[in-house]
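See structure below.
We use all heavy atoms of the structure for the numbers below, so side chains are in, but hydrogens, waters and symmetry mates are not. Here is how names work: the chains are called A, B, and so on, in the same order as the sequence lines, proteins then strands, and each is numbered from 1.
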Amino acid sequence: MPIHNADVATVFEEVADLLDLQGANPFRIRAYRNAARTLSQLSEPVAEMIRDGRDLSELPDIGDDLAEKIEVIVQTGTLPLLEELEKEVDPAMTELMDVPGLGPSRVRTLHDELGISSRAELTKAAEEGKVRTIKGFGEKSEQNILKGLKDIGEEKRWLLSRADPVVHSLKAYLEDHEAVEKVDVAGSYRRRKETVGDLDLLVLSDDGVAVSNHFVEYEDVVDVASKGDTRSTVRLRSDIQVDLRVVPPDSYGAALLYFTGSKAHNVALRNRAVNKGMKINEYGVFRVNGEEERIGGETEEGIYGLFDLPYIVPELRENRGELEAAQGGHLPNLITLDDLRGNLHAHTTDSDGQDSIQAMAEAAKERGLEYLAITDHSPAVAVAQGLDSDELRRQMDAIDELNEMMVGVRVLKSIEVDIMKDGSLDLPDDVLDELDLCVCSVHTSLGLSEKEQTERILRAMDNPNFHILAHPTGRRLNQRGPIDVDLDRIMEAAVERGCFLELNAQPQRLDLNDVYCKRAKELGLKISIGADAHARDELDFLKYGIDQARRGWLEPGDVLNTMSWNEIKPLIDARR
DNA sequence: GCCGTTTTCGGCCCGACTGTTTTCAGTCG
């Protein structure tokens, strides 16, 4: 079984958790966590790097020791150190560290004093009032633990699309206050991550007390977790946590940078500061020789400038090479929504969409798109009333008629054809041949082994009517994980055969993810950003696709549908 | 355990807030 980067990262995270519980050297623990992060964000598979004889210790935060441990994990699937640690520390205890308010120290105390090593045991002890008897814990801690235990079961990250309306109304409410000069939403929201865990609001104001008071009085606030002059935290009725920071003008840029993150980006930037005899925190940038001298902090641009770096957009701030790229002057010229010239994934009332072909085409035209592929389902998706050959041919005729009538947008004849379990396509080749292009996807047999799933898709790709692989991993955020598939093999095969992969822009899919988008770019594989719209307004999902594409370093030239149809058509025909 | 254009040893980001203290440890981001 191939070992993926994520598998190695998981082993290192488990090691770090167990070392944490042992009270080991915190820097050693951090080293394992840093390495896990490097691995989970690395776009190239380490197994492949090992096979190619590459030196893993050249990766950031990987030294000789961890490079060797990675090789062991790739070869054996496990690590002797982890097995040792699991004998010394009850691994069940790690689940206690996820309880808000509990870190390794307090978990250890709970274990040593009350013999607690699971959430169930902790719940029981807290309910019986035993936790408050331990030194360092009190009644309040006990209540918070019970609350944390309750919340943890319901913890979900929010889709970006669900956070958007919440952000807009809260922002408007804050901006309405006279002491507020400016409001920015920082954090993963600003980095346009596919999901956000909480919202980080930054307010420019000289009156922190007034702003904080106004903030906690917002009508949707149901719980005030903390409240101070510069920082407050609340929970909204919709169960999202909002952190507010009030910042004066001269440190606004520093605060925006700091609270936008990512943490990894900030740490990397800070290390650069230290090496240059400077210090950077949320208040500004300081020169530290003898006494501190403030040298910047008003704007993000100014701060990057102090490190001789150009401005780095929030979407890239993940410490995945953006600082090095900025330094070398080769930051990507990221794609924007305006670069898209068409959309190659849309449904109509002919299958499970809500609008007619014409309505969808007009909506595409209104959004400035030059072409729109109609990709209704094939028969295998019975619940969606997928089209059989005859129905598809009738739809093709309707599209021909529409194209004669409509000006300014071209409707393409297409299909979202199912990839069957055996790797065949769900419609015969003679009808697929008549289409402008085919979008292919997996909707069934999601539970196949990685080998079976990969070979199934590769077999489908052998068909010359296979052009775009839609939502390649099938994941649904907060609902189900990706199918087991060797995407690296799929992507390499797609490059060889002249196929493309989709970045499905539905907010709950956003599939491919950012890391694989970057991998595709490195392989020279073009991505189609597809709205997968089931209604007119869902063409606006494209903006979420663009967000994800930018996080994946994609430039206009990396994306198929920044090309005109006349440029794309020969690429499709070359397969046939 | 990683890292280095002042270092191969001795650093490792750091400040706000809470709860339990009575000057601070732990957690969080």
Side-chain angles (χ1 to χ4, degrees), chain A residues 12 15-16 19-20 23-38 56-70 79 81 96-110 131-145 147-148 186-188 191 196-202 208 212 224-234 241-247 251 254-255 257-286 288-289 292 308 319 327:
Chain A
F12 283 171
V15 168
L19 286 172
D20 224 342
N25 176 355
F27 299 109
R28 184 179 173 216
I29 297 166
R30 186 186 295 172
Y32 279 98
R33 295 203 196 280
N34 288 342
R37 195 176 52 213
T38 293
L56 297 182
S57 70
E58 279 172 16
L59 294 170
D61 299 318
I62 310 284
D64 290 342
D65 182 84
L66 292 184
E68 198 182 319
K69 287 191 167 78
I70 292 172
L79 184 67
L81 171 66
L96 293 175
M97 297 227 287
D98 295 334
V99 179
L102 293 187
S105 169
R106 306 187 92 194
V107 168
R108 255 197 328 276
T109 305
L110 287 166
V131 172
R132 69 179 75 176
T133 63
I134 309 172
K135 187 166 183 292
F137 289 76
E139 204 170 324
K140 201 90 183 244
S141 297
E142 194 172 74
Q143 290 307 313
N144 285 339
I145 285 170
K147 192 162 163 293
S188 47
R191 300 201 312 279
V196 295
D198 60 9
L199 296 173
D200 296 294
L201 263 59
L202 217 59
S212 296
V224 180
S226 72
K227 181 165 172 282
D229 295 352
T230 64
R231 182 172 170 176
S232 305
T233 299
V234 302
Q241 179 176 302
V242 186
D243 292 337
L244 177 93
R245 272 97 177 179
V246 185
V247 184
S251 51
L257 184 69
Y258 183 89
F259 293 113
T260 295
S262 67
K263 193 175 168 182
H265 179 86
N266 286 349
V267 168
L269 200 58
R270 242 166 245 232
N271 286 336
R272 279 172 189 250
V274 171
N275 289 338
K276 288 187 139 200
M278 299 197 272
K279 183 178 92 168
I280 175 169
N281 59 27
E282 60 263 57
Y283 300 106
V285 186
F286 306 86
V288 279
N289 40 2
E292 278 185 12
D308 300 320
N319 197 26
Q327 190 166 18

### Summary
A:Asp20 CG to B:dG26 P, in whole Å, measures 12 Å
## Note on the structure
Of the candidates B:dT20, B:dG1, B:dA16, the side chain of A:Asn25 sits closest to B:dG1
### Query
For A:Met278 and B:dT6, what is the distance between atoms CE and P respectively, to the nearest whole Å?
13 Å
### Task
Identify which nucleotide among B:dC17, B:dC28, B:dC2 has an atom closest to any side-chain atom of A:Ser226, counting heavy atoms from C-beta outward.
B:dC17
### Message
Once you apply a heavy-atom cut-off of 4.0 Å, does A:Leu102 come out as touching a base, just sugar-phosphate, or nothing?
### Response
sugar-phosphate
### Task
From the options B:dC12, B:dC2, B:dG19, select the nucleotide whose nearest atom is closest to the side chain of A:Lys140.
B:dG19
### Message
Side chain of A:Thr230, heavy atoms from C-beta onward: which of B:dC2, B:dG29, B:dA16 has the nearest atom to it?
### Response
B:dA16
### Message
Using a 4.0 Å heavy-atom cut-off, does A:Glu139 contact any base of the nucleic acid, only the sugar-phosphate backbone, or nothing at all?
### Response
sugar-phosphate
#### Entry: Options B:dG29, B:dG26, B:dA16, nucleotide nearest the side-chain atoms of A:Arg106
B:dG26
### Query
NA contact type, A:Pro100, heavy-atom cut-off 4.0 Å: base, sugar-phosphate, or nothing?
sugar-phosphate
### Task
Whole angstrom is fine here: how far is it from CZ in A:Arg30 over to P in B:dC2?
14 Å
#### Entry: Closest approach of A:Thr260 to A:Arg191 (non-hydrogen atoms, all atoms of both residues)
O-NH1, 2.7 Å
### Message
Output the rounded distance in Å from CG (A:Asp200) to P (B:dC28).
### Response
15 Å
### Task
Under the side-chain contact (heavy atoms from CB on, under 4.5 Å) rule, what do A:Leu110 and A:Leu102 come out as? Steps first, then yes or no, please.
CA-CA 10 Å; A:Leu110 287 166; A:Leu102 293 187; 3.9 Å; yes
### Task
Go ahead and name the base partner of B:dG29; Watson-Crick or wobble counts if both distances stay under 3.5 Å, otherwise write none.
B:dC14
### Task
Find the distance A:Phe27:CZ to B:dC3:P and express it as a whole number of Å.
15 Å
### Query
Considering heavy-atom distances to DNA chain B, does A:Phe137 or A:Val107 have its closest nucleotide positioned more toward the 5' end?
A:Phe137
### Query
Please give, in whole Å, the distance from B:dC13 C1' to A:Phe259 CZ?
13 Å
### Query
Between B:dG26, B:dG29, B:dG1, which nucleotide gets closest to the side-chain atoms of A:Asp243?
B:dG29
### Message
Under 4.0 Å, counting only non-hydrogen atoms across every strand here, what does A:Ile62 touch: a base, just sugar-phosphate, or nothing?
### Response
sugar-phosphate
### Under-3.5 Å donor-acceptor pair between A:Asn34 side chain and B:dG1 base
no
### A:Lys69, nearest nucleotide to its side chain (from B:dG15, B:dG1, B:dC13)
B:dG1
### Message
Whether A:Asn266 contacts B:dC13 is assessed here as follows: a side-chain N or O lying under 4.0 Å from the phosphate OP1 or OP2. Is that the case?
### Response
no
### Message
I'd like the C1' distance from B:dT6 over to B:dG1, given in whole Å.
### Response
23 Å
### Query
Is there side-chain contact between A:Val224 and A:Ser232, with heavy atoms separated by less than 4.5 Å?
no
#### Entry: Span that lies between the C1' atom of B:dG19 and that of B:dT5, in whole angstrom
47 Å
### Query
When you compare B:dG15 with B:dT7, how far apart are their C1' atoms, in angstrom units rounded to a whole number?
28 Å
### Message
Closest approach to the side chain of A:Lys263, judged atom by atom: which nucleotide of B:dG15, B:dG29, B:dG1 is it?
### Response
B:dG29
### Query
What is the distance from CG of A:Leu96 to C1' of B:dT27, rounded to the nearest Å?
15 Å
### Task
Could you pick out which residue, A:Glu142 or A:Ile280, lies toward the 5' side of DNA chain B when each is mapped onto its nearest nucleotide?
A:Ile280
### Query
Would one find a side-chain N or O of A:Arg28 under 4.0 angstrom from OP1 or OP2 of B:dG1?
yes
### Message
In whole Å, measure the gap between the P atoms of B:dC13 and B:dC2 for me.
### Response
15 Å
### Message
With rounding to the closest Å, how many angstrom separate the C1' atoms on B:dT8 and B:dG4?
### Response
8 Å
### Whole-angstrom distance between B:dC17 and B:dT22, as gauged at atom P
23 Å
### Query
Starting at CD of A:Gln327 and ending at P of B:dT5, how long is that distance when rounded to a whole Å?
11 Å
### Task
Could you give the distance separating B:dA16 and B:dT21 at their P atoms, to the nearest angstrom?
24 Å
## Note on the structure
Side-chain contact check for A:Leu66: nearest option of B:dC13, B:dG1, B:dG15 is B:dG1
### Message
With side-chain contact (heavy atoms from CB on, under 4.5 Å) as the criterion, how do A:Phe12 and A:Thr38 come out once you've worked through the C-alpha distance, each side chain's angles and the decisive distance to 0.1 Å?
### Response
CA-CA 11 Å; A:Phe12 283 171; A:Thr38 293; over 6 Å; no
### Sidechain-backbone polar pair: A:Glu142 side chain, A:Arg132 backbone, donor-acceptor under 3.5 Å
yes
### Query
Any idea which of B:dG29, B:dG15, B:dG1 is nearest the A:Asp65 side chain?
B:dG1
### Task
Could you grab the distance from atom CD of A:Glu68 to atom CG of A:Leu79, nearest 0.5 Å is fine?
10.0 Å
### Query
Do side-chain atoms of A:Asn281 reach the backbone of A:Gly284 as a donor and acceptor pair under 3.5 angstrom?
yes
### Summary
The glycosidic conformation of B:dT22, counting syn as within 90° of 0 and anti otherwise, is anti
### Query
Do A:Tyr283 side-chain and B:dG15 base share a donor-acceptor contact under 3.5 Å?
no
### Task
Taking only the side-chain nitrogens and oxygens of A:Ser141, find out if one of them lies under 4.0 Å from OP1 or OP2 of B:dT18.
no
#### Entry: Donor-acceptor contact present, side-chain A:Asp229 to main-chain A:Gly208, <3.5 Å
no
### Query
Using the P atom in both, what is the distance from B:dT23 to B:dG29, to the nearest Å?
29 Å
